[in-house]
Amino acid sequence: MNIVVCVKQVPDTWSERTLKASDSTLDRDAADAVPNELDEYAIEEGLRIAEAHQGGVTIFSMGPPRAAETIRKALSMGADQAVHLVDDALAGSDVLGTSAAMAHVLGRIGYDLIILGSESTDARTGVIPAMLAEHLGIPQLSYASKVDIDGSKITIHRQADYGYDRIEATLPAVVSVVEKINEPRYPSFKGIMAAKKKPVQTWSLADVELDPSQVGLANAGCEVVSFEKRPPRQAGTVVSDDGDGGTKAAEYLASRKFI
Amino acid sequence: MAEILVFAEHDGEAVKKVTLELVTLARKFGEPAVVWTGSGADAAQSRLAEYGAAKIYVADGAEFDDYVVAPKAELLAELMQQKSPSAVLLASTAEGKEIGGRLAVKTSSGILTDVVGLGDDFVAEQLIFGGAITVTAKVRTGTPIIAVRPNAISPEPASGAATLEPVSPAISDQAKSAKVLERVVQQRGERPELTEASIVVSGGRGVGSAENMALIEQLADSLGAAVGASRAVTDAGWYPHQFQVGQTGKTVSPQLYVAVGISGAIQHRAGMQTSKTIMVVNKDPEAPIFELADYGVVGDLFKVVPQLVEEIEKRTN
Ligand SMILES: Cc1cc2nc3c(=O)[nH]c(=O)nc-3n(C[C@H](O)[C@H](O)[C@H](O)COP(=O)(O)OP(=O)(O)OC[C@H]3O[C@@H](n4cnc5c(N)ncnc54)[C@H](O)[C@@H]3O)c2cc1C
Ligand SMILES: Nc1ncnc2c1ncn2[C@@H]1O[C@H](COP(=O)(O)O)[C@@H](O)[C@H]1O
């Protein structure tokens with residue numbers, strides 16, 4: 001089984017994230033870069049499925065040269081090979097451009113199963129998995145907290161507000177995962193050493209014959225008009241509990257008409 | 001006047017509050033035309049009329065319930081073609097965004113998610129990086145597809161005809177490729193939904209155990225609130241994951257957020273710091289969550305919360 005896991009490098013939440021004044025895109029130099037956390041769960045799930053069903057795992061990332069670090073980390077967890085789509089023309093792509101480019105490259109790589117995180121911590125749109133399913137015309141199995149594969153049949157638990165839905169489809173399919181699905185492994189020393197020798201193909205738009213007029217900031221479906229830092233919240237009242245903390249809290253809630 | 005399509009979220013009977021918020025917002029820009037999938041439109045008609053819906057397109061087919069997301073996007077794409085609306089509004093929930101994303105691909109339109117306000121020419125306000133930055137953005141290709149965060153707009157009544165118009169689109173086989181076998185309801189109850197609730201009470205590691213989450217539920221019930229949890233709590237298995245608030249959980253923006261036994265790590269704050277009012281109970285005065293507190297009590301939650309519940313019940317009875 002041919003499994004492709006899509007991973008994205010994102011700025012670390014702990015560092016201050018900001019937009020560039022020049023073009024209102026993410027200032028990637030200002031923050032430390034890490035793999036999107038949910039994508040580690042996607043990699044883990046891909047590896048487990050590959051182990052159980054004699055498959056291979058290819059990592060796919062679209063992003064600046066620096067995303068190679070994230071790809072190495074994924075390889076050190078145990079993936080077999082990787083494809084990195086890098087091109088200056090991709091900078092500033094919105095979800096329309098990103099999903100179109102990803103779908104195009106996924107078509108070149110070939111797949112039985114595509115696994116993603118359900119959301120990235122920077123964009124937080126959570127729409128890429130659904131958009132890929134739309135582009136590729138294959139089943140959308142998103143927000144999965146459990147995946148079972150039996151031959152070409154795939155069943156997942158799709159997380160919902162009230163619990164979950166059990167969903168069934170036939171491969172090939174797009175799956176996106178939530179944190180509860182597994183516990184990602186840490187790369188072993190052996191894994192880290194082996195990753196250095198694993199094949200990574202670096203492709204440009206020209207390499208994959210992708211039309212630049214579909215991607216990048218200039219062709220995005222949306223544009224940022226302006227942005228500003230929000231003022232910090234005003235300091236509030238803090239009291240110590242001297243046996244009447246609950247009563248005081250209730251008084252506050254009453255004064256604000258919550259009760 | 002051009003139509004604004006508003007995709008309704010409902011539970012088969014009652015329309016969700018966020019849809020009334022969207023109808024309220026749509027009125028500023030044109031004629032609100034609600035799109036309803038599945039059953040329940042008859043029952044919801046009067047409520048939608050009270051908020052100014054002009055029409056309700058009703059697609060009462062089983063396929064919308066039986067398959068994941070894709071049929072809803074197909075329906076909207078067909079309506080967009082027939083009605084040429086000036087925008088499509090959806091709730092910025094997991095499913096609302098997915099429908100919007102697929103629709104964006106089908107119609108080559110730009111999509112904006114997590115929108116908290118909408119001005120002239122559909123210039124949208126968004127909060128990014130956990131509410132640290134406000135962005136204004138607009139769609140420049142196709143028809144704007146805009147996913148609006150629940151609780152961002154206050155629903156205001158206005159009268160509308162809310163005429164029911166049945167529509168029966170042909171849904172392709174391809175859209176029926178992910179089949180719902182079963183819906184498993186784990187948590188029922190009278191509590192409002194987390195992202196929709198006007199009040200959310202969340203428990204953190206300080207709560208100490210799954211059993212003790214009952215204390216959080218009691219406080220929530222005394223306020224008519226939804227229950228949330230930090231990741232420490234969902235990781236420990238004390239409460240189900242779908243109630244997690246934060247960067248890898250739900251984003252909430254209620255009128256009141258009560259954080260109990262939560263330290264306020266940046267990943268938790270990312271999901272709640274745009275709440276209008278924040279109350280904190282924590283025994284550590286240095287806990288970063290106090291930086292966000294409009295009102296904070298430094299104390300043991302096992303003393304403060306029961307007293308608070310008792311006091312609320314006294315005042316509300
Ligand atoms: C990539 C990533 C994503 C993450 N996503 C999320 C997310 O979506 N949501 C999330 O919440 N976290 C998330 N986290 C985890 C986050 O970093 C914190 O670890 C987590 O929020 C801590 O939860 P907590 O505040 O309940 O626990 P702690 O940090 O352990 O805090 C417990 C608090 O309870 C107080 N306390 C203890 N006993 C009592 C008592 N008897 N009375 C009163 N107070 C008491 C303590 O003083 C302390 O402040 C994420 C982390 C990473 C790395
Ligand atoms: N540039 C990218 N390269 C590879 N995968 C991506 C990229 N952008 C998004 N993804 C995948 O899509 C998921 C959802 O991202 P998003 O829809 O942007 O919140 C992520 O968890 C990744 O698995």
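Residue numbering restarts at 1 for every chain, and letters A, B, ... go by the order of the sequence lines.
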Would you name the heavy atoms of [X] and [Y] that are closest together and state the gap between them?
X: A250(A); Y: R315(B); value: CB-NE, 4.2 Å
X: F258(A); Y: Q255(B); value: CZ-O, 3.7 Å
X: R230(A); Y: I133(B); value: CG-C, 4.0 Å
X: L96(A); Y: S109(B); value: CD1-O, 3.2 Å
X: V105(B); Y: S99(A); value: CG2-OG, 4.3 Å

Side chains of [X] and [Y]: does their closest heavy-atom pair fall under 4.5 Å?
X: L194(B); Y: D161(A); value: no
X: V95(A); Y: T113(B); value: no
X: K248(A); Y: Y295(B); value: yes
X: R102(B); Y: Q140(A); value: yes
X: E74(B); Y: E134(A); value: no
X: E98(B); Y: S142(A); value: yes
X: I167(A); Y: E182(B); value: no
X: L19(A); Y: I128(B); value: yes

Non-hydrogen atoms of chain A under 4.5 Å away: do they reach the side chain of [X], the backbone, both or neither?
X: A104(B); value: both
X: T316(B); value: side chain
X: I99(B); value: neither
X: D114(B); value: side chain
X: V69(B); value: side chain

Under the side chain to side chain contact (heavy atoms under 4.5 Å, CB included) criterion, do V298(B) and V238(A) qualify, and how do the steps go?
CA-CA 7 Å; V298(B) 179; V238(A) 176; 3.6 Å; yes

Top of [options] for chain A proximity - count of heavy-atom pairs under 4.5 angstrom:
options: Q273(B), R183(B), K250(B); value: R183(B)
options: T93(B), V123(B), V180(B), V258(B); value: V180(B)
options: T277(B), T234(B), I145(B), T251(B); value: T277(B)

Where does [X] contact chain B at under 4.5 Å (heavy atoms): side chain, backbone, both or neither?
X: A103(A); answer: neither
X: I138(A); answer: backbone
X: E37(A); answer: side chain

Identify which of P232(A), A218(A), P231(A) forms the greatest number of heavy-atom pairs closer than 4.5 Å to chain B.
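Result: the option with the highest number of such pairs is A218(A).
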
Using a cut-off of under 4.5 Å on heavy-atom pairs, state which of S145(A), A254(A), A133(A) scores highest against chain B.
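Option with the top pair count is A133(A).
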
Full working for side chain to side chain contact (heavy atoms under 4.5 Å, CB included) between L256(B) and L253(A)
CA-CA 9 Å; L256(B) 172 66; L253(A) 292 179; 3.6 Å; yes

Per the side-chain contact (heavy atoms from CB on, under 4.5 Å) rule, which among T247(A), D244(A), I259(A) passes with E311(B)?
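Exactly one option meets the side-chain contact (heavy atoms from CB on, under 4.5 Å) with E311(B), and it is T247(A).
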
Under a 4.0 Å threshold between the charged nitrogen and the carboxylate oxygen, would D241(A) count as salt-bridged to K283(B)?
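Salt bridge between K283(B) and D241(A), a charged N being under 4.0 Å from a carboxylate O: no.
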
Side chain [X], main chain [Y], donor-acceptor under 3.5 Å:
X: R233(A); Y: L292(B); result: yes
X: K97(B); Y: T125(A); result: yes
X: T136(B); Y: S226(A); result: yes

